[in-house]
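By convention in this document, chain letters (A, B, ...) are assigned in the order of the sequence lines, proteins followed by strands, and residues within each chain are numbered from 1. Nothing here was measured: the structure is a model prediction, and the numbers come from that model.
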Protein chains: 4
Amino acid sequence: MTSKSSGRTRLGVGLVGLGRLGRVYARDLASRIPETRLVAVADPVAEAPGAYTEPEALLVDPRVEAVVIASPTHTHRGLVVAAAERRRPTFCEKPPALALGETLAMKEAVERTGVFFQMGFMRRFDAGYAAAKRRVEEGAIGTPVVFKSTSRDPHRTTLEYADPRSSGGMILDMGIHDFDLARWFMGEVRAVQAMAGTLAYPELKTVGDLDNAIVSLRFADGRLGIVDLSRNGVYGYDISTELLGTGGTLRIGYLRETPLVVLTKNSVAHDTVPYFMERFAGAYTAQLQDFAVNVLEGRPAPITIDDGIAALRIAVAAHRAHETGQPVEVASVTG
Amino acid sequence: MTSKSSGRTRLGVGLVGLGRLGRVYARDLASRIPETRLVAVADPVAEAPGAYTEPEALLVDPRVEAVVIASPTHTHRGLVVAAAERRRPTFCEKPPALALGETLAMKEAVERTGVFFQMGFMRRFDAGYAAAKRRVEEGAIGTPVVFKSTSRDPHRTTLEYADPRSSGGMILDMGIHDFDLARWFMGEVRAVQAMAGTLAYPELKTVGDLDNAIVSLRFADGRLGIVDLSRNGVYGYDISTELLGTGGTLRIGYLRETPLVVLTKNSVAHDTVPYFMERFAGAYTAQLQDFAVNVLEGRPAPITIDDGIAALRIAVAAHRAHETGQPVEVASVTG
Amino acid sequence: MTSKSSGRTRLGVGLVGLGRLGRVYARDLASRIPETRLVAVADPVAEAPGAYTEPEALLVDPRVEAVVIASPTHTHRGLVVAAAERRRPTFCEKPPALALGETLAMKEAVERTGVFFQMGFMRRFDAGYAAAKRRVEEGAIGTPVVFKSTSRDPHRTTLEYADPRSSGGMILDMGIHDFDLARWFMGEVRAVQAMAGTLAYPELKTVGDLDNAIVSLRFADGRLGIVDLSRNGVYGYDISTELLGTGGTLRIGYLRETPLVVLTKNSVAHDTVPYFMERFAGAYTAQLQDFAVNVLEGRPAPITIDDGIAALRIAVAAHRAHETGQPVEVASVTG
Amino acid sequence: MTSKSSGRTRLGVGLVGLGRLGRVYARDLASRIPETRLVAVADPVAEAPGAYTEPEALLVDPRVEAVVIASPTHTHRGLVVAAAERRRPTFCEKPPALALGETLAMKEAVERTGVFFQMGFMRRFDAGYAAAKRRVEEGAIGTPVVFKSTSRDPHRTTLEYADPRSSGGMILDMGIHDFDLARWFMGEVRAVQAMAGTLAYPELKTVGDLDNAIVSLRFADGRLGIVDLSRNGVYGYDISTELLGTGGTLRIGYLRETPLVVLTKNSVAHDTVPYFMERFAGAYTAQLQDFAVNVLEGRPAPITIDDGIAALRIAVAAHRAHETGQPVEVASVTG
């Protein structure tokens, strides 16, 4: 392997974070994406040979032409600002931060330096969601008037991971994908209502997290949305979205994993998608490929820091609506 | 045909109302239900031979051993009270009334006279909903923690029908079925939030009705629910309910009507259920059969006037939540 | 009930045979079909009040304007000939007879007397099959080139019923429906090949019957077909047909019975259609209604004795192909 | 990248053939399979940089520790024999050859040299087929008594490719996969019947090929099978197999490609799998990975030259059955 493939330059990418998702990105950058080379990785604990333990060292490595940030959320601000200062085109995994305040420094650095910055919301790169977007734009369902989205994990995360101090809490951590889709398909959200509870895994209360939440959305033009989130989709990993339109409806999502159906006495059964890597492997790869092509060809980022901030703001509003029991205007979320 | 079939007495039923649903009930009572005879019908405008134009005349007909009320909602109070005074076992189609106040006289008459009274919520008699109830009771999904229910009509009703003065408005007219299911599966509802709009058929605004609504439910024990309603399920009649449990999930509902699938270039397609009669024909019949058997065998009614009132109260609360934009405690709805 | 309904004359029908299917027809004729009255029944052993024990007595009953024959197959010839002699419009359940020779007398009597005669193949009246027929005629799949049809019972019949001396054997008893569909959709069959065995229920060998069979069809114009039959569709009653065309494909059939889906750990499951009455109840009713309307309005029968004979001839050819292990030309089956 | 990954030696693989499938294998060997390195490729016309034009040159390249043969079928014999002479562990794509005679030299060379040889039948490595195999072995469906398998291409191949002189004809070229599955699930095939025709694409007659075929199988122990093949699965690429058992049934296969469902007036539609690479990409990769692991760890090949020969023999028997119109014993196929 060289940095030339069919005469095309490959982008030298440095990857920060070798957790569950980081390892997937490492494989994609190294071998699945023709436009990239994985030239450096940084992780404080990973035992990858040649890995930097300090991300700052990675940022000054001259082979690193662009940076992919897949480290824990609380590190995003510092890394994005540092990468911007060094003018390294940056891809940052969602969410941008846990609190709105943190994102301001990120936005300031990106805008001041003019560095290329792309936010990670991989669902937009899933074949189903992408096809749905095209269909909506083609008018296949008239005007979508209700957005419905469901995200369910097949089991609860560890208490350590669920701790809102690191994850931001379920509404933010899980819901931010749905809030981004809501904006992508329907435009800005004006107000939210929410109800939530710790109903299936009482031990989550020890860290103050939820396991089920319902968030209602009012879009700026009056249209409606619902997002429901659950940690007890015990049957499988279930991500589904519906766009109810005036002329038709789109449904994105599926549950069946392998091509086997078992028929026994009065029963027809199939399996389910285990978890996010099985469901979105292709989308993760396509997302980083898109990042690389955008950097190489000088195209603007399709998902910006402002998109990350807007989705985060909805999540924060939803969390407040849950805590207060009152409707919350998204515009009122300023910090 | 006689009133004896296999030595069993058939219940002589008088039917009030020969509208869309009343005609279905007439056929069921006359020929589909072995336990009933249709002995009299009353409708002010129907041209059925031998029909009474005044329901009062039907109530004094000595052949009428029991009464089925399928006339417009605003007539329910008077008819239920009159039937109770005459000690006629009564089946009354949902909703019991348009306002809570009206139901008090009905409840008073039923309780004072001790007459048999059964409320009509046919979904409880659908094979899918009934099987789901059994599965929940058997523990198949652990504890259900989230209730989700969707009701969609394939097109808007006439403006005349949609007029909230006669229908009660979409949240009551369509939603009361879902609110009854919510109570049946999960117990009492403590509070609601709602968002709604007239998004697909602006002409409905002329009569003050909605075409899309989202209602969030908080059950008395803290569990959660969502009901979403739409008049623009233009693809077909879509009634679906999900019970998300700690150990599994149940989904009730289907869209496919006939056993034909059409495969053309890159497409696999099937048809949809046109409307409520195709979807719930069996449930309507089973419901009236259950009524007749209960009367003949002296069993208590499985769905009472209190069930009707409780579902109505949730609907009224949801409507107020929509109008005020604020959460509403169901207990606060007293009139 | 009278013989007038909405001013329309109802056809007085006499029903011969009150077995499993006969009882369904009795209910349909009595109450489900507006165009018919059930005026007499005949069955040697049924305990229905007022039933004739001798079908001949039924045929001379002056109320009997038309006859429905649902008695065992070996009685068909005598009954059809007797009904023809009395000029009673006749509906005869499939198969017309167990051997080709028997059908000649039936055909002769029908043609000589000119009596109305309709053969029973209820699948043609199923909503799915009927819709498929329309789609083919509309050109939705171009030219169908392969016909595939599967019939599976959920369990084996009793040994008494399975006995080829009364049932004709599985290839005839089960397959004749598929052979009729083959002709209906594709035209005449020129030759067959077959393989069969008693693979799941060895006790069927004691009466000489099979439990699985595969029949390949060559249509007169060279197109192809497969019919596979099984008594061990233990998961449910499975009747499905596929028309593979040059421009698309149609699939008729379904397995899901009730609108409930159960999701448990890594499994999505639904129930199945139990048996033929659940699957084809509507088709049986529609078939007899069609018969009544044809008689009342003087229309020709859509399915004739010749259709019955042609399907029987394919079945006999298939049985011989199985027995000899050699291809059989359908034209060679003359008795 | 080096030949060491996590301390494990990667197998240096030389790939012969860079056609449609060869290019997929090249990508898999180079980057998708951790146990392999792609060290050399050979193709007479491919413009890959550094590719050998003569496969013999590849075989003597000292980096080539194992060989993957994906070149046209008529080249298999020579390549397999040459690779065996050089003691290079060999993977050979199906079919082994176009005529049984050719395979004898292959078998002789493999057995004489004792070289590792693995036959390519990728369906055995598909998640659905592999899971079905486990389920059968666990007894999930009792004894499978009927094997049904369907292979359909979404469009005809080029006339050049379809030419039986290079492809072996449709029954061999398409059906050999199904015949291999038949043996894998059910054991040896004793006899076949067949019917076939050129029904959808008359232009195929110019090269003497078919576009639809039906093959009935009798297994050695009397059980039954059907394989139907078509080039006009115009709706999509459809590979499906059913195992009908005494206690249940398994179905392998699916048609839906992306997670999008489109609901419009009275229609629910989804897309289909376009072609074999979309359907079996994972199986192709898993197959070569299995080959590499077997070679590296000294395990025997799960699919041998005898498996290739046995499937070819069934295909040849089926082709003769089609040509003669007579049943053919598989044992009678000796050349």
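Contact annotation for Thr150(C): only side-chain heavy atoms (C-beta onward) come within less than 4.5 Å of a heavy atom of chain D. Interface remark: Thr143(C) contributes no atoms to any contact with chain D (heavy atom separation under 4.5 Å).
Within residues 236-257 of chain C, the residues having any heavy atom closer than 4.5 Å to a heavy atom of chain D are Asp238(C), Glu242(C), Leu244(C), Gly245(C), Thr246(C), Gly247(C), Gly248(C), Thr249(C), Arg251(C), Leu255(C), listed by residue number. Against chain C, the residues from residues 182-206 of chain D that qualify, each with a non-hydrogen atom under 4.5 angstrom away, are Ala191(D), Val192(D), Gln193(D), Ala194(D), Met195(D), Ala196(D), Gly197(D), Leu199(D), Ala200(D) in number order. Chain C is approached within less than 4.5 Å, heavy atom to heavy atom, by no residue from residues 155-175 of chain D.
Each of Gly233(C), Pro327(C), Gly222(C) has some count of heavy-atom pairs under 4.5 Å with chain D, and the biggest count is that of Pro327(C). When each of Val146(C), Leu217(C), Ile214(C), Ile141(C) is checked for heavy-atom pairs under 4.5 Å with chain D, Ile214(C) comes out on top. Residue with the most contacts toward chain D among Arg218(C), Gln326(C), Arg231(C): Arg218(C) (heavy-atom pairs, distance under 4.5 Å).
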Under the side chain to side chain contact (heavy atoms under 4.5 Å, CB included) rule, what do Asn212(C) and Arg223(D) come out as? Steps first, then yes or no, please.
CA-CA 9 Å; Asn212(C) 281 276; Arg223(D) 292 181 296 162; over 6 Å; no
Between side-chain atoms of residues 262-269 of chain C and protein atoms elsewhere (two or more places apart, or another chain), which donor-acceptor pairs fall under 3.5 Å?
{"from": "Asn266(C)", "atom 1": "OD1", "to": "Thr272(A)", "atom 2": "N", "distance (Å)": "3.0"}
{"from": "Asn266(C)", "atom 1": "OD1", "to": "Thr272(A)", "atom 2": "OG1", "distance (Å)": "3.0"}

